Protein chains: 2
Amino acid sequence: MNKQKLTLKDVAQMLEVSTATISNAFNRPDQLSAARREDILKACQRIGYHGPNKAAQILRKGQSNIVALVLADNIAYMVSDPVASTFIKGVSKVLHTHNKHLLLYSGNVESIRDVIDFVDGFICYGAPENTELTHQLTASSKPVVTVDFNIPGRPAIDIDNEQAAYEIAKRAIRPGDRVAILGLKLIASANTCRIYDSPLHCADSSISHRRLKGYQRAMQEQGIDTDNEWVWHIPESEGSYARQAAREVLNSHPRPDVVLCMSDIIALELLQYAGSQNIAVPGALRITGFDGIEEAARTRPNLTTICQSSLTKGEMAAERLISGSQESTQLPFDILAGETV
Amino acid sequence: MNKQKLTLKDVAQMLEVSTATISNAFNRPDQLSAARREDILKACQRIGYHGPNKAAQILRKGQSNIVALVLADNIAYMVSDPVASTFIKGVSKVLHTHNKHLLLYSGNVESIRDVIDFVDGFICYGAPENTELTHQLTASSKPVVTVDFNIPGRPAIDIDNEQAAYEIAKRAIRPGDRVAILGLKLIASANTCRIYDSPLHCADSSISHRRLKGYQRAMQEQGIDTDNEWVWHIPESEGSYARQAAREVLNSHPRPDVVLCMSDIIALELLQYAGSQNIAVPGALRITGFDGIEEAARTRPNLTTICQSSLTKGEMAAERLISGSQESTQLPFDILAGETV
DNA sequence: CTGTTAGCGCTTTCAT
DNA sequence: ATGAAAGCGCTAACAG
């Protein structure tokens, strides 16, 4: 077992060269002749020195080639969500081509300080559940790229959520409709519930509130009352929460004509429950989703939803972080005209 | 913007205490009075010093609280696979409770050296695609826990793959059957193909070869010929590869009576293709899976498969790494008696 | 209980 | 093209 106890200094002594030369052989090829470099590298190989210690390099250079991906929720949930995992895919793909590595970070931990000193930067995917993290990220001197939420002064990647919501709602609703909204993370509650007059959760930076605004704009244009009694909060885009909301909304009297859902997962759950209750879609009930996950296209009837590319988002976020560009981007979205409207 | 430029030394000067005292206030509460500690911590808070620099700590202490999870393939693929992502869930859950962080590492990169000097250890999930990594892991002085494959002298977590394969095969086959096997990563090829006489890929440590052995033992017991012509290699447990294999095997003449699949993803793809060809399951064709993913239970007819808990595997691997225990464990498995046999 | 000090292993001027 | 030396920021042994 190769104990990797050799330090650069040891090697320098063994080869009777200065430490600087060994260091240069590994890090700055232009600082010595190619031949000399070859010799040194070969000798190192032979004696089992595999290059400078990374921990020391990190301290000295202030660079680690590690990028932290701060997720909104705990890793466990994020990894199984199709939208989030596609995003992670995009990020990791780009990092890989730059020889950088990916540190997954939960949005519900206490602090970001465990890693802030050595990571090269942060990609922040959605507003972290622990809002303290947002402050720390704001104050940090490290590069930060935000996705699907906003920190003033930091580059952001997202889509025009309000416009997307407006456009899909416009397609779904007709004058005189009763419209319900199944929203995501609208208030600070761990339970599925109607929002009524609860104070909105970080209302300015959250994509959910943008979407809400878009929906409501479309409703107002049709002369429909916007009433928070018909807006549900769902804490996570996850089957079991969505199922509860689906039951509640479809068992309300009078039953809504349209339900606008802030994720496909929610919409699919609703669609399935509607099926089980023999409620015809779109005949008796119109449904819209949001995201454009693959399953939404496989379902019968297939879902009318907003299609956004999580993969592109991930790639772009990683590229932006690496390039250091401070530019923000709004990615395009498509309306996927399905059969549920 | 808080530039975090303060060092422990600066702070010591400002507060007119020695550096050791500041350091102790943060790391070793028992080394000074509670009151003094409180004062110091408060003062630090006030002047904006949030604790010792982590990069320096890592170098000094040789501990980073980062655990690398080495995946068999690239991260992109792993994150979307239900089995792998459940495993990641289990790992991250346990790491989280120990305030450790998760670094995702592709099994297809060149080397593990980028991180070996500072991570606290490795969890290795499946044989890394780049076999060089296995050597580096073997030689490393850091803790390593392997899952679903083996490095001599390192603790391993897995199930008895051979026995599981044997048992499920035994249920599926009858004397005189023609049996095909849809295997996973049996040979070193990027394409779906029959294995014929190709040399087997790391035959000793691979779970696929254990499963193959189990299947073949069951076949021999029934007096059935084991012939590699009827064994397919699939490079990844992924829909598109599986679809190809499904077509090939069901369009072979004579058509097999039983197909033993090394993953549920493969089996489900086969099941769907059989449906599209109006081949009755289990009437005209029996199918077995492996893993016990949720979707396998939702399908009609639901899949007969081996159920193993990826979540437990992940939790156990992380716990073993953290505790430093050198013990290996074989987790139990269940046969999920479905309707495809 | 507190302060001084010698490194952890490396990179990078700067002089040669 | 190469070598000597000063830290990067911290911790832990040791002495007080």
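Keep in mind that this is a model prediction, so the values were computed, not measured. In the text below, chain A, chain B and the rest are named by the order of the sequence lines, each starting its count at 1.
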Original post:
Charged N to carboxylate O under 4.0 angstrom, B:D117 versus B:K142?
Top reply: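 No, no charged N to carboxylate O under 4.0 Å.
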Subject >> A:K185 bridged to A:D73 by N-O distance under 4.0 Å >> reply: yes
Between [options], which nucleotide gets closest to the side-chain atoms of [X]?
X	options	answer
A:L59	C:dT12, C:dT4, D:dC8	D:dC8
B:S23	D:dG3, C:dG9, D:dT11	D:dT11
A:T19	C:dT11, D:dT11, D:dC8	C:dT11

Interatomic distance where [atom1] belongs to [X] and [atom2] belongs to [N] [whole Å]:
X	N	atom1	atom2	answer
A:R60	C:dC8	CZ	C1'	14 Å
B:Q57	D:dC10	CD	C1'	7 Å
B:Q13	D:dG9	CD	C1'	14 Å
B:H50	D:dC10	NE2	P	13 Å
B:I116	C:dG9	CD1	P	15 Å
A:N24	D:dA4	CG	C1'	14 Å
B:D117	C:dG9	CG	C1'	10 Å
B:N53	D:dT11	CG	P	9 Å

Does [N] have OP1 or OP2 sitting under 4.0 Å from an N or O in the side chain of [X]?
X	N	answer
A:T7	C:dG9	no
B:R28	D:dA12	yes
A:T21	D:dT2	no
B:N27	D:dT11	yes
A:Y49	C:dG9	no
A:R36	D:dA1	no

Original post:
A:L69 and A:Y105: side-chain contact (heavy atoms from CB on, under 4.5 Å), yes or no, with the steps?
Top reply: CA-CA 6 Å; A:L69 175 53; A:Y105 211 92; over 6 Å; no
**OP:** Would you confirm whether B:T146, through its side chain, and B:F149, through its main-chain N or O, come within 3.5 Å as a donor-acceptor pair?
**Re:**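 The answer is yes, because a donor-acceptor pair under 3.5 Å joins these two groups.
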Original post:
Hey, what's the ring geometry for B:F87 with B:Y125, parallel, tilted or perpendicular (30° and 60° as the breaks)?
Top reply: parallel
**OP:** Using heavy atoms to find the nearest nucleotide of DNA chain C for B:D30 and B:A56 separately, return the residue whose nucleotide is more 5′.
**Re:**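 First, find each residue's nearest nucleotide; the 5'-ward one identifies B:D30.
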Original post:
For DNA chain D, whose closest nucleotide is more 5', that of A:S33 or that of A:A20?
Top reply: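 By nearest-heavy-atom nucleotide position, the 5'-most residue is A:S33.
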